[in-house]
Amino acid sequence: MDSGKFPDSFAWGAATAAYQIEGGWDADGKGPNVWDTFTHQGGDRVYKNQTGDVACGSYTLWEEDLKCIKQLGLTHYRFSLSWSRLLPDGTTGFINQKGINYYNKLIDSLLEMSVTPLVTLYHFDLPQPVEDQGGWLSEKTVEIFEQYAEFCYATFGDRIKHWITINEPYFASRLSYESGIFPPGKELIGTGAYRAAHNMIKAHAKAWHIYNTSFKNKQQGRVSIALDSDWAEPLDPNSLADKEGTERYMHFRLHWFANPIFIDGDYPEIMKSIISQKSKEEGLTCSRLPEFTEEEKAMIKGTADFFCLNYYTTRKVKTLSSETLPSKRYGNSDMGAEGITEPNWPIAGVEWLAVVPWGIRKLLAYIKHCFGNPEIFITENGFAQTDPPALQDVHRWGYFQETLMEVLKAIKQDGVNVKGYFAWSLLDNFEWSFGYSVRFGLFHVDFEQANLPRTPYYSANEYAKVVKGNELIYK
Ligand code: GAL
């Protein structure tokens, strides 16, 4: 199969996130969030100490973004709300009308263009005052998030029918509270990510419930969470140890969140037993993985109306023996395995991004199998270029094509219920720790010029053809 039609009414989109594109970090009453604080502190934690203060300037240049969307002919656009632009201290105690006005303009204009918005409530940019009260390590944030979600449904839900509560709780918890690469930069090895993730899962579930009980009838929308995952395979397919390591890898990566939400309200058995055993060996009186109460399990189970997958890459997994286990406890250590990149896999612009198009097909089939054949939206997938990027990114378009071909095979040959695809990203933007040095955009942004002009890459023009025909013509 080397070309083919996508199903009717397939959603074709591109995605962005508020902190990565908006700028206007203190404009019109916006409060500070953790990325404002982190980038302003300097300390070389972000490439050249760059910040999102201006980014793509989308807070003022949003109409330029709409032109890009129009040029691509997208049917859908995924963006996130800046929590602290709407609620400067994170709570509904003070509401910033100018923030509401901004998103109203954006949403109304998208709808006028017949583009369906998919809105993420939280994409890594926790309001600083919420962080100051303990952030995701604190149970209090569960309730604060629920109130924020309720406020967003009440304010925008007459027009927004697809909500994503939290983007990538895996990275949001690991990078912020365990490796310390993201703000608030906490290195709570072996505990921080588990505690943060625990509160994120509860916050997500509460946000789903409040929609379900108070808004769904009237607004007729749906709520989900965006889960990121690699696909993983054993390094040595004949090694039982590597096969078991791969199973652990997928559980510590995807099932950690997907099991509670899509299956039974609880963490996978494999995580519970490993972490509890290790905690005992460490002389702790209880497991480093927190437990949900029975009431919480019932509250969490079944709280996603569709499956949002962010896929970028694949890993080969090698089991680590007790001698090769890293001394620090995060990631590899509890999982007892390590993900490796095959040397022959091309790398797209940033060292972690090995290009493995077939991985997405396998992962989609796996999700179908494990989580009851849900409707799946691929809410992020993309390839980067390093700076300075080539406008004629023919090679990169090749990666998109191969990936889309695998998505098509998943739909047609494996019967996976894929409903849409969102390229990451509409624009080159602030790529977190990599600043502006890594460019994921379908549109190039010239960050040197005050008016931040957007120019389509070759990939954008080619993607527009796929969107228009709802068809991939490959070769
Ligand atoms: C995702 C994240 C995006 C974007 C992308 C590329 O993890 O949700 O914000 O940065 O990775 O690295």
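For clarity, every value in this text was computed on a predicted model and none was experimentally measured. Sequence positions, counted from 1, serve as the residue numbers for this chain. Counting convention: from 1, in listed order, for ligands and their atoms alike.
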Row check, Tyr458 ring normal vs Arg396 NZ/CZ: under 6.0 Å, within 45°: no
Top protein contact for atom 7 (O) of ligand 1, by heavy-atom distance: Glu168 OE1, 2.4 Å
Side chain, backbone, both or neither: the part of Asn167 lying under 4.0 Å from ligand 1 by heavy atom: side chain
Aromatic ring pairing Phe262/Phe371, orientation class (parallel under 30°, perpendicular over 60°, tilted between): tilted
Leu86 side chain reached by Ile100 side chain, heavy atoms, under 4.5 Å: yes
Any donor-acceptor N/O pair, Asn96 side chain to Asp28 backbone, under 3.5 Å: yes
Output field: ring centroids Trp12/Phe10 closer than 6.0 Å: yes
Heavy-atom nearest option to atom 5 (C) of ligand 1, drawn from Phe124, Phe440, Trp432, Tyr312: Tyr312
Any Trp352 heavy atom less than 4.0 Å from ligand 1: yes
Protein residue, atom and distance nearest to atom 1 (C) of ligand 1, heavy-atom basis: Glu380 OE1, 3.1 Å
Numbered atoms and elements of ligand 1 in range of Gln20, under 4.0 angstrom, heavy atoms: 3 (C), 4 (C), 9 (O), 10 (O)
Where ligand 1 meets Glu431 - atom numbers and elements under 4.0 angstrom, heavy-atom basis: 4 (C), 6 (C), 10 (O), 12 (O)
Under 4.0 Å to a heavy atom of His123 - the qualifying atoms of ligand 1, by number: 2 (C), 3 (C), 8 (O), 9 (O)
Between Arg78 and Thr16: side-chain donor-acceptor atoms closer than 3.5 Å: no
